[in-house]
Amino acid sequence: MTNIEIARLLRNVAASYAIKNEQKFRFQMLAYLKASNAIEHFPSEVKDLIKEEKLESIPGVGPSIKSHLKELIKTGKVKHFDSILNDIPPSVFPLLDVPSFGPKKAFHLVTEFKLNDSKTVIEDIKDLAEKGKISPLEGFGEKSEKDILQAIEEYKKGKTKSKRMTLPFASETAELLLSYLKKHKDVLVVEPLGSLRRKLSTIGDIDFAVSTNNPKDVIKYFVLYPYKSRVIEQGETGASIITSSGVQIDLLTQPPQSFGSLLQHFTGSKNHNIRLREYALKKGLSLSEKGIKKHMAHDTWHMAHFDTEEKFYNSLGLDWIPPEIREDHLEVEHARLHTLPKLVELKDIKADFHLHSNFPIEPSHDMGRDSMETMIKTALKLGYDYIGFSEHNPSVSKHTSEQILNILKKRKEKIEHINSSNKNIRVISLLEIDILTNGCLAIANKALSLLDATVVSIHSSFGMNKEVMTQRVLKGLSHPKAKILAHPTGRLINQRNGYELDWPQVFDFCKKHNKALEINSWPLRLDLPDILVREAVRRDIKMVIDTDSHQASQMNLMQYGVSIARRGWAEKKDILNTLSYEQFMKWLKS
DNA sequence: GCCGTTTTCGGCCCGACTGTTTTCAGTCG
């Protein structure tokens, strides 16, 4: 059973508690939701943690849920869960993925109409709404019946509660609206926030905070956005719309003197804010997007306002926390103790090691579009001191080993020529080499000896089981020339999950043998994922941030890789392409 | 059911919005 499946099961248990008696089981419900959320995003699989006796390292998993999870993995079911879930028709749960459906509404409709088929329940409700059978029910009306149809329509188009867009797509969508909002005279400051500001690799919906003294007109203007398809809600301080491309955009406003609190609140994450409010509550303070409320004598409250985020955090006795790490992963503790990491920044980057030029290498996979010279020019513009070219190895099936040797000799001469004629930048001769299914590198040692080092990666047979795949990767990486494992999980966001690896074993290997893991900045990869970066940082594994550019214009994707590194708490010392050329070459030959 | 810089017991984040109500319940972020 995967973490995602377990998380769903726990979510269903929480929903069942809410349906049975939300008041009575309020805290059980919250506890199960918390555990569900934590497990869904935890870097190690529950079944592995059980083996390693480390289940309690998941925040929100205590003695009770721990024993339930052990039972689940051992027997495939949990008596306690069954006893809770048994009273609830299973057809309630698929509805929880539909926007605007929560446990109560789903249960109400399922029992009212005796809808017992989980496979058809969404369609069944759609039929009932179309026939006008829902509006007469107590607690429902004409409008809510229409809203149900709308929500199901959007669900079927793919806007489920978990469907997310890629970071660059979200950035472009945000940019359009940003320039629209800035045209309004009462918009003093506008910032894209939420998951976009925290630089998640995927974005759910786009949030904006506006500083204004005239929220009414700003909101009116916002909901008139030409590319909107409809308005979801509209209030006095905020509104939500859906764009014609199906993206939800939320807007919240505050006057300038409270803008800091608004930024803080709207940036999230939800879990970070919950942690922060729990922390504040112990000091007798109550936090919201309006400011910090302090309980005074005679049951009165004093509200403190903050125009900047720094002042907001500082007034709680905390250092300002970079948005990328506001995920309730101990950052509040570190902020209190003044031990937050100094995260790596884009300006620290001095090199890029994963560049595909158009050198005629007759590669095994896609070739680059631009010449080495063009990419070098771009590298200089980006302020890099050195770069590494890593074209795919020449196709093995189409060449003899002699031909491969000749191609690489020519490439070596070319790079040597570049280095002797251009003193502004150093070029390292690398290659991205396939790790074959048997763990061998795709080209022979004689050819490899023409290179400074190699980047290695998996491009075939993704379906191997975890143990075999791990041995394959480690064997490939054990070659003395292999120094960097590129896009280590092989995932493509929204397209494929990547292969399975035994991560503790991979980390240990890298540490012992001086190998680096790549953080690949390609928008659909962003691989290593942030949670594995965090684990690598904890274990002092070195990483490199690369763009995997196939043309010069893509070299500015570096920013996304840096974002992922920052989300994983990486500092300058963790990232090898912050080193000087000499220091890096020393590592490369180590 | 979880958790600890007042606590191993007694707390548990906060507010907005909508629809259906006439003071609230449900959902969301």
Side-chain angles (χ1 to χ4, degrees), chain A residues 10 13-15 17-19 22-38 56 58-69 80-81 84 95-96 98-109 134-148 150-151 161 193-195 198 204-207 209 215 219 231-240 248-254 261-262 264-293 301 303 317 328 332-333 336-337:
Chain A
L10 296 183
V13 171
Y17 271 128
I19 292 164
E22 189 172 8
Q23 282 315 306
K24 188 173 166 195
F25 298 117
R26 171 130 182 265
F27 298 113
Q28 281 88 339
M29 191 190 80
L30 283 173
Y32 273 94
L33 278 180
K34 212 171 193 178
S36 164
N37 197 0
E56 48 280 293
I58 306 177
V61 173
S64 174
I65 292 180
K66 177 180 163 183
S67 82
H68 294 327
L69 290 179
H80 177 64
F81 292 176
I84 296 165
L95 285 170
L96 299 180
V98 180
S100 85
F101 275 80
K104 306 279 182 62
K105 195 197 280 186
F107 181 73
H108 189 156
L109 292 175
I134 290 178
S135 53
L137 298 181
E138 200 183 330
F140 291 86
E142 297 278 328
K143 184 66 169 68
S144 54
E145 190 169 69
K146 253 189 214 162
D147 289 348
I148 286 172
Q150 181 91 52
K161 287 172 192 169
L193 298 173
S195 48
R198 301 200 313 282
D205 41 61
I206 296 175
D207 306 324
I219 287 164
V231 179
I232 299 174
E233 61 184 28
Q234 182 174 357
E236 284 172 22
T237 56
S240 299
Q248 180 170 338
I249 301 187
D250 301 336
L251 185 92
L252 266 189
T253 66
Q254 280 290 316
S261 315
L262 180 66
Q264 196 288 318
H265 171 84
F266 221 5
T267 297
S269 66
K270 184 180 169 186
N271 289 339
H272 172 80
N273 285 352
I274 289 174
R275 172 73 60 191
L276 214 55
R277 286 178 205 148
E278 284 171 354
Y279 167 78
L281 201 64
K282 288 175 188 161
K283 294 170 173 270
L285 303 169
S286 172
L287 309 184
S288 75
E289 69 266 41
K290 293 174 176 170
I292 301 183
K293 227 162 44 171
W301 293 88
M303 172 72 87
D328 187 25
V332 175
E333 272 303 284
R336 185 172 65 79
L337 300 168

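Numbered from 1 within each chain, the chains take letters A, B, ... in sequence-line order. The model shown is predicted, which means the values in this text are computed figures rather than measured ones.
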message: Whole angstroms only, please: what is the CD1-P distance between A:Ile219 and B:dC17?
response: 8 Å

field: Touch class at under 4.0 angstrom, heavy-atom based, for A:Phe25 against every strand present
entry: nothing

message: Would you measure the distance from the C1' atom in B:dT7 across to the matching atom in B:dC2 and give it in whole Å?
response: 14 Å

- request: Among B:dG1, B:dT18, B:dG15, find the nucleotide with the atom closest to the side chain of A:Lys290.
  value: B:dG15

task: Could you check how far CD of A:Glu289 sits from C1' of B:dC14, rounded to whole Å?
output: 8 Å

query: Watson-Crick or G-U wobble partner for B:dC28, using a 3.5 Å limit on both distances?
result: B:dG15

message: Using only atom types and a distance under 3.5 Å, with no angle test, would you say the side chain of A:Lys105 pairs donor to acceptor with the backbone of A:Ser100?
response: yes

message: Under 4.0 Å, counting only non-hydrogen atoms across every strand here, what does A:Ile65 touch: a base, just sugar-phosphate, or nothing?
response: sugar-phosphate

- request: Respond yes when some side-chain nitrogen or oxygen of A:Ser64 is under 4.0 Å from OP1 or OP2 of B:dG1, and no when none is.
  value: yes

message: Are B:dC12 and A:Phe27 stacked, with the base six-membered ring and the side-chain ring centres under 5.5 Å apart and planes under 30°?
response: yes

Phosphate-side-chain proximity, A:Ser269 and B:dG29, N/O vs OP1/OP2 below 4.0 Å: no

- request: Test A:Ile274 against A:Asp328 for side-chain contact (heavy atoms from CB on, under 4.5 Å), laying out the working first.
  value: CA-CA 8 Å; A:Ile274 289 174; A:Asp328 187 25; over 6 Å; no

message: Need one value for A:Gly238: base, sugar-phosphate or nothing, where a base atom within 4.0 Å counts as base even if backbone is also close, heavy atoms only.
response: sugar-phosphate

message: Test your reading of the model: is there a side-chain donor-acceptor pair from A:Thr253 to the backbone of A:Thr237, 3.5 Å cut-off?
response: yes

message: Can you see if the side chain of A:Lys270 gets near the phosphate of B:dC14 - specifically, an N or O under 4.0 Å from OP1 or OP2?
response: no

- request: Write down the distance between CD (A:Gln28) and P (B:dC3), rounded to a whole number of angstrom.
  value: 14 Å

message: Just N and O in the side chain of A:His265: are any of them under 4.0 Å from OP1 or OP2 of B:dA16?
response: no

- prompt: Has A:Ser195 got a side-chain N or O lying under 4.0 Å from the OP1 or OP2 atom of B:dG29?
  reply: no

message: Can you see if the side chain of A:Lys143 gets near the phosphate of B:dG19 - specifically, an N or O under 4.0 Å from OP1 or OP2?
response: yes

message: Measuring only the C1' atom in each nucleotide, how far is B:dC12 from B:dT18? A whole number of Å is fine.
response: 27 Å

task: Would you kindly compare A:Ser286 and A:Asp147 by the position of their nearest DNA chain B nucleotide and give the one closer to the 5′ end?
output: A:Ser286

message: Side-chain N or O of A:Lys293 versus OP1/OP2 of B:dG15: is the shortest distance under 4.0 Å?
response: yes

message: At 4.0 Å (heavy atoms only), tell me whether A:Glu142 reaches a base, stays on the sugar-phosphate, or touches nothing.
response: sugar-phosphate

query: To the nearest 0.5 Å, what is the distance between CD (A:Glu289) and CG (A:Leu252)?
result: 6.0 Å

- request: Describe the nucleic acid contact of A:His108 in one word from base, sugar-phosphate, nothing, applying a heavy-atom distance below 4.0 Å.
  value: nothing

- prompt: Rounded to the nearest 0.5 Å, how far apart are CG of A:Leu10 and CZ of A:Phe81?
  reply: 5.0 Å

task: Please tell me which of A:Glu278 and A:Pro59 maps to the more 5' nucleotide of DNA chain B, matching each residue to the nucleotide holding its nearest heavy atom.
output: A:Pro59

Ring geometry between A:His108 and A:Phe140 (parallel below 30°, tilted from 30 to 60°, perpendicular above 60°): perpendicular

query: B:dT8 and B:dG1: how far apart are their C1' atoms, nearest whole angstrom?
result: 15 Å

field: Any A:Lys104 side-chain N or O less than 4.0 Å from OP1/OP2 of B:dG26
entry: yes

message: Tell me whether A:Arg198 contacts the main-chain N or O of A:Thr267 through its side chain, where contact means a donor paired with an acceptor under 3.5 Å.
response: yes

message: Nearest to the A:Gln234 side chain among B:dT5, B:dT18, B:dG19, which nucleotide is it?
response: B:dT18

statement: To the nearest angstrom, the CD1-C1' distance between A:Ile19 and B:dT27 comes to 14 Å

statement: The nucleotide from B:dT5, B:dA16, B:dT27 with an atom nearest the side chain of A:Thr237 is B:dA16

- line: A:Arg336 has its side chain closest, among B:dT5, B:dT20, B:dG29, to B:dT5

message: What's the gap between B:dT21 and B:dT27 when it is taken at their P atoms, as a whole Å value?
response: 16 Å

query: What integer number of Å spans the C1' atoms of B:dT6 and B:dG11?
result: 12 Å

field: Distance in angstrom units between A:Gln23 CD and B:dC12 P, rounded
entry: 14 Å

task: Could you walk me through whether A:Lys104 and A:Glu22 pass side-chain contact (heavy atoms from CB on, under 4.5 Å), step by step?
output: CA-CA 10 Å; A:Lys104 306 279 182 62; A:Glu22 189 172 8; 2.5 Å; yes

- prompt: Which part of the nucleic acid does A:Tyr32 contact within heavy-atom distance under 4.0 Å: base, sugar-phosphate only, or nothing?
  reply: sugar-phosphate

message: Tell me the interatomic distance from A:Gln264, atom CD, to B:dG15, atom C1', rounded to whole angstroms.
response: 14 Å

message: Please give the distance between the C1' atoms of B:dG26 and B:dT20 as a whole number of Å.
response: 11 Å

- request: Let me know the distance between CG of A:Leu30 and C1' of B:dC3, rounded to the nearest Å.
  value: 14 Å

message: Taking side-chain hydrogen bond (donor to acceptor under 3.5 Å, both in side chains) as the criterion, tell me which of A:Asp207, A:Asp250, A:Asp205 meets it with A:Ser240.
response: A:Asp250

message: So A:Leu137, base contact, sugar-phosphate only, or nothing? Heavy-atom distance under 4.0 Å.
response: nothing

task: Counting heavy atoms from C-beta on, name the nucleotide in B:dT20, B:dT7, B:dC14 closest to the side chain of A:Lys282.
output: B:dT7

- prompt: Taking NZ from A:Lys146 and P from B:dT18, how many angstroms apart are they, rounded to a whole number?
  reply: 16 Å

task: Would you indicate what A:Leu281 reaches in the nucleic acid, counting non-hydrogen atoms under 4.0 angstrom: base, sugar-phosphate, or nothing?
output: sugar-phosphate

Minimum-distance nucleotide to A:Lys105 side chain [options: B:dG26, B:dC2, B:dT6]: B:dG26

field: Gap in Å between the two P atoms, one belonging to B:dG15 and one to B:dG10, rounded
entry: 27 Å

